[in-house]
Amino acid sequence: MRVVILSGGESSERDVSLASGWSVARALLERGHEVTLVDPAAAVPVLAGPLRPGDTVEGVAVGKEPPSRAERHRLRSRLHASLTGGPVLELLRGADLVFLALHGGWGEDGHVQAVLEMAGVPFTGADSATCAAAWHKGRTQAVLGAAGLRVAERALWRPAASDVPPDVERLVTAGPVVAKPVADGSSVSVHRVDSLSQLAQIAAELRSEEVELMVEPFLPGREFTVAVVGDQVLPVIEIELTTPVFDYTAKYQPGAAVEVCPARIPDALASRLQESALRAHRALGFGSGTYSRTDFRCDAAGEPTCLEVNALPGLTATSLVPLAATGAGWTYPDLIQRIVDLATR
């Protein structure tokens, strides 16, 4: 099968996406596919290929910090030009399958999926509507709450448009909160906030960027994540933090967090988390041909609160979905082939 992998892109998760792309390429070559690796935001979009089984593929490391806003703006211009016409779009049209490893931004918010849908190109993962719903954390929480899942109280605020609104002020005054962009990934710009003055400082840094924040109570307790691949729910992972929040650095730098799979928890709690992940997966419109990862916090009584659902979770060597796959007895190439099979069956 001729597979084009899209990775890199213009989001804050660019480095993670590139690392995922190279890892996926190695796995696909091992499984006998012809592979071309493309970064639609790069000056020269084709990073490698066409590669054939037996070819050597090098990996890349994830940096300590995401790209700057200025760099992301330059990348976004290139990506838009690549995907709206020209040789990259023609390359995609000639593929048997496009494997999406474009985490964040256009890759995860439904834009790229819509382009591929209009071009009639098959791709991995969820469709454009589902990705759009999962990408906006506020909408996600509303959908999950309506589906009967436990979610945190939340308030949305665009610092560039107004002063601190009353609902945000009330949450901050009541106790520590977490403030994070309502549409971003890899826990970029996630902050624990203990005072209105601290929130004002964060808002001042984001005001010029038109970022919308979601503010919700800080939930003490244990953090878990559960992946769903097709109709199969993978083992629960516990994330043991050494930082107040599971931010970008904690996710991608060794030693910042300990990830345990399967989680050392009672079977009843594991089953409840897995059932909740599957309900969240389906409530947002993820079908049996897709995959997702849902994050939870559990309080002292073991009650899980659903934090968010990831439509294109990381696929690097140290990412959480591959770890869950290992817990299920799959190799990394097994996982990637299953994702391909789901998209093409």
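None of these values were measured; they are calculated from a predicted model.
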* Tyr332 side chain to Leu323 backbone, donor-acceptor under 3.5 Å -> no

* Asked: Are Arg52 and Glu34 ion-paired here, with the side-chain N under 4.0 Å from a carboxylate O?
  -> yes

* To do: Begin from the C-alpha positions of Thr140 and Leu144 and carry the test side chain to side chain contact (heavy atoms under 4.5 Å, CB included) through to its verdict.
  => CA-CA 6 Å; Thr140 298; Leu144 298 184; 3.8 Å; yes

* **Rounded distance [0.5 Å steps], OG1 in Thr225 versus CD in Glu308** => 9.0 Å

* Would you find a donor on one side and an acceptor on the other, under 3.5 Å apart, between the side chain of Arg14 and the backbone of Gly9? -> yes

* Looking at Ser12 and Pro67, what are the two nearest heavy atoms and their distance? -> O-CD, 3.5 Å

* **From Ile5 atom CD1 to Leu47 atom CG, the distance as rounded to the nearest 0.5 Å** => 10.0 Å

* Asked: Hey, mind stepping through Val4 and Leu97 against side chain to side chain contact (heavy atoms under 4.5 Å, CB included) and telling me if it holds?
  -> CA-CA 7 Å; Val4 174; Leu97 180 71; over 6 Å; no

* Asked: Run the side chain to side chain contact (heavy atoms under 4.5 Å, CB included) check on Tyr291 and Ile339 step by step: do they pass?
  -> CA-CA 8 Å; Tyr291 63 106; Ile339 292 172; 3.6 Å; yes

* Are any side-chain N or O atoms of Thr124 and backbone N or O atoms of Leu100, one a donor and one an acceptor, separated by less than 3.5 Å? -> yes

* Should Leu307 and Val228 be regarded as members of a common hydrophobic cluster, given that ILVMFWY residues are connected when their side-chain heavy atoms come within less than 4.5 Å of each other, either directly or indirectly? -> no

* **Interatomic distance, Asp295 atom CG to Ile239 atom CD1 [nearest 0.5 angstrom]** => 6.0 Å

* Do Leu37 and Trp22 come within less than 4.5 Å of each other through their side chains, counting heavy atoms only? -> yes

* **Closest non-hydrogen atom pair between Asp55 and Pro50, with its separation** => OD2-O, 4.5 Å

* Close side-chain approach of Arg293 and Leu320, heavy atoms under 4.5 Å -> yes

* With His136, which of Val143, Asp109, Leu156 fulfils side-chain contact (heavy atoms from CB on, under 4.5 Å)? -> Leu156

* Does one side chain, of Gln198 or His191, offer a donor that lies under 3.5 Å from an acceptor on the other? -> no

* **Pair Arg264 + Glu238, salt bridge at N-O below 4.0 Å** => no

* **Closest heavy-atom pair and its distance - Arg154, Leu171** => C-CD1, 4.2 Å

* Answer yes if Val233 and Leu284 sit in the same cluster of Ile, Leu, Val, Met, Phe, Trp and Tyr residues linked by side chain heavy atoms under 4.5 Å apart, and no otherwise. => no

* **Atom CD of Gln201 with >12 non-hydrogen neighbours under 6.0 angstrom** => no

* To do: Taking all non-hydrogen atoms of both residues into account, name the closest pair between Cys261 and Ala324 and its distance.
  => SG-CA, 3.9 Å

* Whether Ser82 side chain and Pro40 backbone form a donor-acceptor pair below 3.5 Å -> yes

* Asked: When you look at Arg72 and Glu13, which way does the salt bridge (charged side-chain N to carboxylate O under 4.0 Å, His left out) test go after all the steps?
  -> CA-CA 10 Å; Arg72 289 175 60 188; Glu13 300 177 76; over 6 Å; no

* Are any of the side-chain nitrogens in Arg272 or Glu275 under 4.0 Å away from the carboxylate oxygens of its partner? -> no

* Asked: Distance only, no hydrogens: is a donor on one side chain within 3.5 Å (strictly under) of an acceptor on the other, for Glu117 and Ser128?
  -> yes

* Asked: So, Ser17 and Ser20: side-chain donor and acceptor under 3.5 Å apart, yes or no?
  -> no

* Asked: Are Leu335 and Val57 connected, step by step, through hydrophobic side chains (Ile, Leu, Val, Met, Phe, Trp, Tyr) whose heavy atoms are closer than 4.5 Å?
  -> yes

* Asked: How far apart are the closest heavy atoms of Leu116 and Leu92, and which atoms are they?
  -> CD2-CD1, 3.9 Å

* Asked: Got Val121 and Leu89 here, is their nearest side-chain heavy-atom distance under 4.5 Å?
  -> no

* Straight-line distance of Cys298 SG to Phe224 CZ, nearest 0.5 Å -> 5.0 Å

* Salt-bridge present (Asp39, Arg78; N to O < 4.0 Å) -> no

* **Residue pair Glu216 / Val177, side-chain heavy-atom distance below 4.5 Å** => no

* Judged by atom type as modelled, is there a donor-acceptor pair below 3.5 Å linking the side chain of Gln113 to the main-chain atoms of Gly107? -> yes

* To do: Return yes if a side-chain donor-acceptor contact under 3.5 Å exists between Ser292 and His281, otherwise no.
  => yes

* Asked: Are the side chain of Ser23 and the backbone of Ala19 linked by a donor-acceptor contact shorter than 3.5 Å?
  -> yes

* To do: Group every Ile, Leu, Val, Met, Phe, Trp and Tyr by side-chain heavy-atom contacts under 4.5 Å, then state whether Leu18 and Val112 land in the same group.
  => yes

* Asked: Heavy atoms, side chains only, cut-off 4.5 Å: are Val178 and Val193 in contact?
  -> no

* To do: Kindly say whether Ala147 contributes a backbone atom to a donor-acceptor pair with the side chain of Arg279 at under 3.5 angstrom?
  => yes

* **Point-to-point distance, once rounded to the nearest 0.5 Å, from CG of Leu149 to CD of Gln141** => 10.0 Å

* Asked: Just by modelled atom types, is the Glu108 backbone N or O under 3.5 Å from a matching donor or acceptor in the His103 side chain?
  -> no

* Do Asp299 and Arg297 sit within salt-bridge range, that is, some charged N less than 4.0 Å from a carboxylate O? -> no

* **Hydrophobic cluster identity match, Leu28 and Val229, side-chain contacts under 4.5 Å** => yes

* **Trp157 and Leu199, any side-chain heavy atoms less than 4.5 Å apart** => yes

* Asked: Between the main-chain N or O of Gly125 and the side-chain N or O of Thr290, is there a donor-acceptor pair closer than 3.5 Å?
  -> no

* **Closest non-hydrogen atom pair between Val321 and Gly314, with its separation** => CB-O, 4.3 Å

* Taking the side chain as every heavy atom from C-beta outward, state whether Phe99 and Leu315 have any atom pair closer than 4.5 Å. => yes

* **Nearest-0.5 Å distance, CG of residue Leu273 to OG1 of residue Thr294** => 10.5 Å

* Partner of Glu212 under salt bridge (charged side-chain N to carboxylate O under 4.0 Å, His left out), chosen from Arg158, Lys137, Lys180, Arg139 -> Arg158

* **Within 45° cone and under 6.0 Å: Arg76 NZ/CZ vs Trp106 ring** => no

* **Donor-acceptor contact present, side-chain Trp330 to main-chain Ile336, <3.5 Å** => no

* To do: Could you check Val38 against Thr36 for side chain to side chain contact (heavy atoms under 4.5 Å, CB included), going step by step and ending with a plain yes or no?
  => CA-CA 6 Å; Val38 174; Thr36 302; 4.0 Å; yes

* May I ask you to say whether Arg222 pairs ionically with Glu240, meaning some side-chain N is under 4.0 Å from a carboxylate O? => no

